[in-house]
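Basis for what follows: all heavy atoms, side chains included, without hydrogens, waters or symmetry-related copies.
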Amino acid sequence: MTAAPTGTDPRSTPTLGSLTGGQLRRLGVVAGLSRSDVETYARVLADSLGPVAERPLSLPPPTRTFLSDDHTPVEFSLSFRPDAAPSMRVLVEPGCGADSLAHNGRVGLEAIRAMARRWQFTTDVLDELQDLFLPGPTRGAPSPCGARWSCGPVAHPGSRSI
(Lines give C-alpha, C1' and ligand atoms only; values in the text may rest on other atoms or scores of the structure.)
Protein backbone atom coordinates (compact mmCIF):
# COMPACT_ATOMS: atom_id res chain seq x y z
CA MET A 1 0.00 0.00 0.00
CA THR A 2 1.27 3.44 -0.82
CA ALA A 3 -0.32 6.01 1.45
CA ALA A 4 -1.34 9.40 0.17
CA PRO A 5 0.00 12.37 2.13
CA THR A 6 -3.57 13.54 2.77
CA GLY A 7 -4.42 10.60 5.02
CA THR A 8 -6.62 8.78 2.51
CA ASP A 9 -6.03 5.69 0.44
CA PRO A 10 -6.47 5.69 -3.35
CA ARG A 11 -10.20 5.02 -2.88
CA SER A 12 -10.47 8.23 -0.80
CA THR A 13 -11.24 6.27 2.37
CA PRO A 14 -9.18 7.49 5.31
CA THR A 15 -7.32 4.47 6.74
CA LEU A 16 -4.83 3.96 9.53
CA GLY A 17 -2.12 3.08 7.00
CA SER A 18 -2.72 6.10 4.80
CA LEU A 19 -2.81 8.43 7.80
CA THR A 20 0.37 7.09 9.39
CA GLY A 21 2.11 6.78 6.02
CA GLY A 22 1.35 10.43 5.31
CA GLN A 23 2.61 11.44 8.74
CA LEU A 24 5.81 9.44 8.20
CA ARG A 25 6.38 11.04 4.80
CA ARG A 26 6.00 14.56 6.17
CA LEU A 27 8.31 13.89 9.13
CA GLY A 28 10.82 12.23 6.80
CA VAL A 29 11.07 15.46 4.81
CA VAL A 30 11.66 17.43 8.03
CA ALA A 31 14.35 14.93 9.05
CA GLY A 32 16.09 15.35 5.69
CA LEU A 33 15.58 11.78 4.50
CA SER A 34 15.67 10.98 0.80
CA ARG A 35 12.40 10.31 -0.98
CA SER A 36 13.54 6.74 -1.61
CA ASP A 37 14.26 6.14 2.09
CA VAL A 38 10.96 7.69 3.12
CA GLU A 39 9.04 5.46 0.71
CA THR A 40 10.90 2.39 1.99
CA TYR A 41 10.08 3.27 5.58
CA ALA A 42 6.43 3.93 4.68
CA ARG A 43 6.21 0.45 3.10
CA VAL A 44 7.83 -1.14 6.15
CA LEU A 45 5.36 0.69 8.41
CA ALA A 46 2.38 -0.50 6.33
CA ASP A 47 3.78 -4.04 6.23
CA SER A 48 4.34 -3.99 10.00
CA LEU A 49 0.75 -2.90 10.61
CA GLY A 50 -0.51 -5.71 8.38
CA PRO A 51 -4.26 -5.78 7.75
CA VAL A 52 -4.84 -3.08 10.36
CA ALA A 53 -3.24 -0.60 7.91
CA GLU A 54 -6.39 -0.91 5.77
CA ARG A 55 -8.70 -0.23 8.72
CA PRO A 56 -10.89 2.84 8.14
CA LEU A 57 -10.29 5.70 10.57
CA SER A 58 -14.04 5.88 11.13
CA LEU A 59 -13.72 2.67 13.19
CA PRO A 60 -12.28 2.68 16.72
CA PRO A 61 -8.82 1.15 17.20
CA PRO A 62 -9.01 -2.68 17.18
CA THR A 63 -7.45 -2.64 20.64
CA ARG A 64 -6.58 0.26 22.90
CA THR A 65 -2.85 0.46 22.65
CA PHE A 66 -0.97 2.62 25.11
CA LEU A 67 1.87 3.20 22.69
CA SER A 68 0.47 6.63 21.86
CA ASP A 69 -1.80 9.12 23.56
CA ASP A 70 -4.53 8.70 20.91
CA HIS A 71 -4.41 4.88 21.21
CA THR A 72 -3.20 4.37 17.65
CA PRO A 73 -0.50 1.71 17.23
CA VAL A 74 2.04 4.18 15.82
CA GLU A 75 4.00 6.97 17.48
CA PHE A 76 6.47 9.30 15.77
CA SER A 77 9.16 11.53 17.18
CA LEU A 78 12.17 13.50 16.09
CA SER A 79 15.41 13.41 18.03
CA PHE A 80 17.66 16.43 17.82
CA ARG A 81 21.40 16.54 18.42
CA PRO A 82 23.66 19.56 18.09
CA ASP A 83 25.23 19.97 14.66
CA ALA A 84 23.32 17.04 13.16
CA ALA A 85 20.18 16.48 11.15
CA PRO A 86 17.25 15.26 13.24
CA SER A 87 16.61 11.54 13.53
CA MET A 88 13.09 10.30 12.92
CA ARG A 89 11.90 7.60 15.28
CA VAL A 90 8.86 5.42 14.71
CA LEU A 91 7.30 3.12 17.29
CA VAL A 92 4.75 0.64 15.97
CA GLU A 93 2.74 -2.10 17.64
CA PRO A 94 2.44 -4.60 14.78
CA GLY A 95 0.10 -6.95 16.64
CA CYS A 96 -2.45 -4.31 17.57
CA GLY A 97 -5.24 -6.15 15.74
CA ALA A 98 -4.49 -9.54 17.28
CA ASP A 99 -7.16 -11.46 19.16
CA SER A 100 -4.98 -12.04 22.25
CA LEU A 101 -1.86 -10.70 23.93
CA ALA A 102 0.02 -13.87 23.00
CA HIS A 103 -0.90 -13.46 19.31
CA ASN A 104 -0.05 -9.74 19.55
CA GLY A 105 3.40 -10.67 20.83
CA ARG A 106 4.01 -13.23 18.10
CA VAL A 107 2.98 -10.80 15.36
CA GLY A 108 5.25 -8.13 16.83
CA LEU A 109 8.16 -10.51 17.10
CA GLU A 110 7.77 -11.55 13.46
CA ALA A 111 7.71 -7.88 12.41
CA ILE A 112 10.99 -7.29 14.24
CA ARG A 113 12.48 -10.36 12.56
CA ALA A 114 11.30 -9.14 9.14
CA MET A 115 13.05 -5.81 9.78
CA ALA A 116 16.17 -7.72 10.88
CA ARG A 117 16.19 -9.66 7.60
CA ARG A 118 15.63 -6.49 5.56
CA TRP A 119 18.37 -4.46 7.25
CA GLN A 120 20.61 -7.34 8.26
CA PHE A 121 20.77 -6.92 12.01
CA THR A 122 20.67 -9.70 14.55
CA THR A 123 17.89 -10.55 16.96
CA ASP A 124 20.06 -12.87 19.07
CA VAL A 125 19.48 -11.09 22.38
CA LEU A 126 15.77 -10.76 21.70
CA ASP A 127 15.63 -14.47 20.82
CA GLU A 128 17.28 -15.32 24.15
CA LEU A 129 14.55 -13.41 26.01
CA GLN A 130 11.63 -14.63 23.94
CA ASP A 131 10.58 -17.41 26.29
CA LEU A 132 10.16 -14.92 29.13
CA PHE A 133 7.23 -13.44 27.22
CA LEU A 134 6.17 -16.14 24.77
CA PRO A 135 6.96 -19.61 26.09
CA GLY A 136 6.84 -22.34 23.46
CA PRO A 137 4.10 -24.96 23.51
CA THR A 138 6.44 -27.50 25.11
CA ARG A 139 6.99 -25.18 28.05
CA GLY A 140 3.33 -24.60 28.84
CA ALA A 141 0.89 -21.80 28.28
CA PRO A 142 2.01 -18.32 27.31
CA SER A 143 2.84 -15.89 30.07
CA PRO A 144 -0.37 -14.70 31.75
CA CYS A 145 0.54 -11.12 30.91
CA GLY A 146 1.29 -11.96 27.26
CA ALA A 147 3.61 -9.71 25.35
CA ARG A 148 3.45 -6.64 23.23
CA TRP A 149 6.50 -5.95 21.12
CA SER A 150 6.88 -2.41 19.93
CA CYS A 151 9.33 -1.92 17.11
CA GLY A 152 11.29 1.29 17.01
CA PRO A 153 12.97 2.20 13.74
CA VAL A 154 15.28 5.20 13.76
CA ALA A 155 16.12 6.93 10.48
CA HIS A 156 19.02 9.27 9.83
CA PRO A 157 19.74 11.08 6.55
CA GLY A 158 22.11 8.92 4.53
CA SER A 159 21.72 5.88 6.77
CA ARG A 160 21.33 2.42 5.22
CA SER A 161 18.94 1.18 7.87
CA ILE A 162 16.50 2.31 10.47
Side-chain angles (χ1 to χ4, degrees), residues 1-5 7-9 13-28 31 33 37-79 87-137 141-156 159-162:
M1 176 183 132
T2 302
T8 60
D9 73 5
T13 303
T15 64
L16 179 62
S18 59
L19 173 71
T20 57
Q23 292 171 324
L24 184 144
R25 286 177 175 86
R26 290 187 296 277
L27 276 175
L33 300 174
D37 284 347
V38 168
E39 290 306 316
T40 296
Y41 303 147
R43 278 191 304 276
V44 170
L45 175 59
D47 291 347
S48 295
L49 287 171
V52 175
E54 298 296 329
R55 188 177 179 84
L57 291 176
S58 59
L59 297 175
T63 56
R64 286 180 53 98
T65 178
F66 293 98
L67 183 66
S68 63
D69 57 358
D70 64 357
H71 302 291
T72 57
V74 180
E75 181 73 13
F76 300 97
S77 65
L78 291 174
S79 174
S87 297
M88 179 177 66
R89 295 186 287 192
V90 182
L91 291 177
V92 59
E93 185 180 334
C96 65
D99 57 359
S100 69
L101 283 176
H103 186 215
N104 179 312
R106 286 183 177 83
V107 170
L109 188 55
E110 180 48 40
I112 292 169
R113 288 183 175 142
M115 288 181 202
R117 288 187 299 272
R118 173 185 279 276
W119 286 297
Q120 299 164 357
F121 63 86
T122 182
T123 61
D124 292 349
V125 173
L126 182 60
D127 295 339
E128 289 176 23
L129 299 174
Q130 176 183 340
D131 67 343
L132 293 174
F133 300 99
L134 297 170
S143 165
C145 64
R148 284 195 165 139
W149 300 99
S150 297
C151 310
V154 178
H156 309 278
S159 66
R160 293 189 58 226
S161 63
I162 57 176

Enquirer: List the atom of W119, the atom of V44, and the distance in Å for their closest heavy-atom pair.
Expert: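 Answer, listing the atom of W119 first, then V44: CH2-CG2, 3.4 Å.
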Enquirer: So, the side chain of R55 versus the backbone of G17: is there a donor-acceptor pair under 3.5 Å, distance only?
Expert: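 A pair under 3.5 Å: no.
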Enquirer: Could you pull out the closest heavy-atom pair between L67 and V74, with the gap in Å?
Expert: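 Scanning both residues completely, I find the closest heavy atoms to be CD2-N, 4.0 Å.
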Enquirer: Mind checking the OG1-CG spacing from T65 to D70? Nearest 0.5 Å is all I need.
Expert: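 Reported value, rounded in 0.5 Å steps: 9.5 Å.
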Enquirer: Could you tell me which non-hydrogen atom of L49 sits nearest to which non-hydrogen atom of P73, and how far apart they are?
Expert: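 So the minimum-distance heavy-atom pair works out to CD2-CG, 3.9 Å.
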Enquirer: Looking at OG1 of T122 and CG of D127, how far apart are the two atoms once the value is rounded to the nearest 0.5 Å?
Expert: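 Reported to 0.5 Å precision, the distance equals 7.0 Å.
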Enquirer: Side chains of V90 and Y41: does their closest heavy-atom pair fall under 4.5 Å?
Expert: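 Not in contact.
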Enquirer: Are any non-hydrogen side-chain atoms of T72 and T20 less than 4.5 angstrom apart?
Expert: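 In short, these two side chains do not touch, never coming nearer than 4.5 Å.
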Enquirer: Looking at T123 and L126, would you say the former's side chain and the latter's main chain have a donor-acceptor pair under 3.5 Å?
Expert: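 Flag not set: sc T123 to bb L126 has no pair under 3.5 Å.
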Enquirer: Donor-acceptor pair, R118 side chain versus A114 backbone, under 3.5 Å?
Expert: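 Judged by distance alone, no pair lies under 3.5 Å.
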Enquirer: Looking only at atom types and distance, does a side-chain atom of S18 sit under 3.5 Å from a main-chain N or O of P14, one as donor and one as acceptor?
Expert: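 Here the side-chain-to-backbone pair does not exist.
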Enquirer: Quick one: pull up OG in S48 and CE in M115 and give me the separation to the nearest 0.5 Å.
Expert: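 Atom-to-atom, S48:OG and M115:CE are 3.5 Å apart.
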Enquirer: What heavy-atom pair brings N104 and A98 nearest, and what distance separates the two atoms?
Expert: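 Closest approach of N104 to A98, heavy atoms only: N-CB, 3.3 Å.
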Enquirer: Considering only heavy atoms from C-beta outward, does the side chain of V38 approach that of M88 to under 4.5 Å?
Expert: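 Heavy-atom side-chain distance check fails, nothing below 4.5 Å.
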Enquirer: Is the closest side-chain heavy-atom distance between S68 and L91 below 4.5 Å?
Expert: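 They are not in side-chain contact.
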Enquirer: Looking at every non-hydrogen atom in both residues, tell me the closest pair between P56 and T13 and how far apart they are.
Expert: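 Residues P56 and T13, closest heavy atoms: CB-CG2, 4.4 Å.
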Enquirer: Do the charged groups of E75 and R89 touch, with an N to O distance under 4.0 Å?
Expert: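 Answer for the salt bridge query: no.
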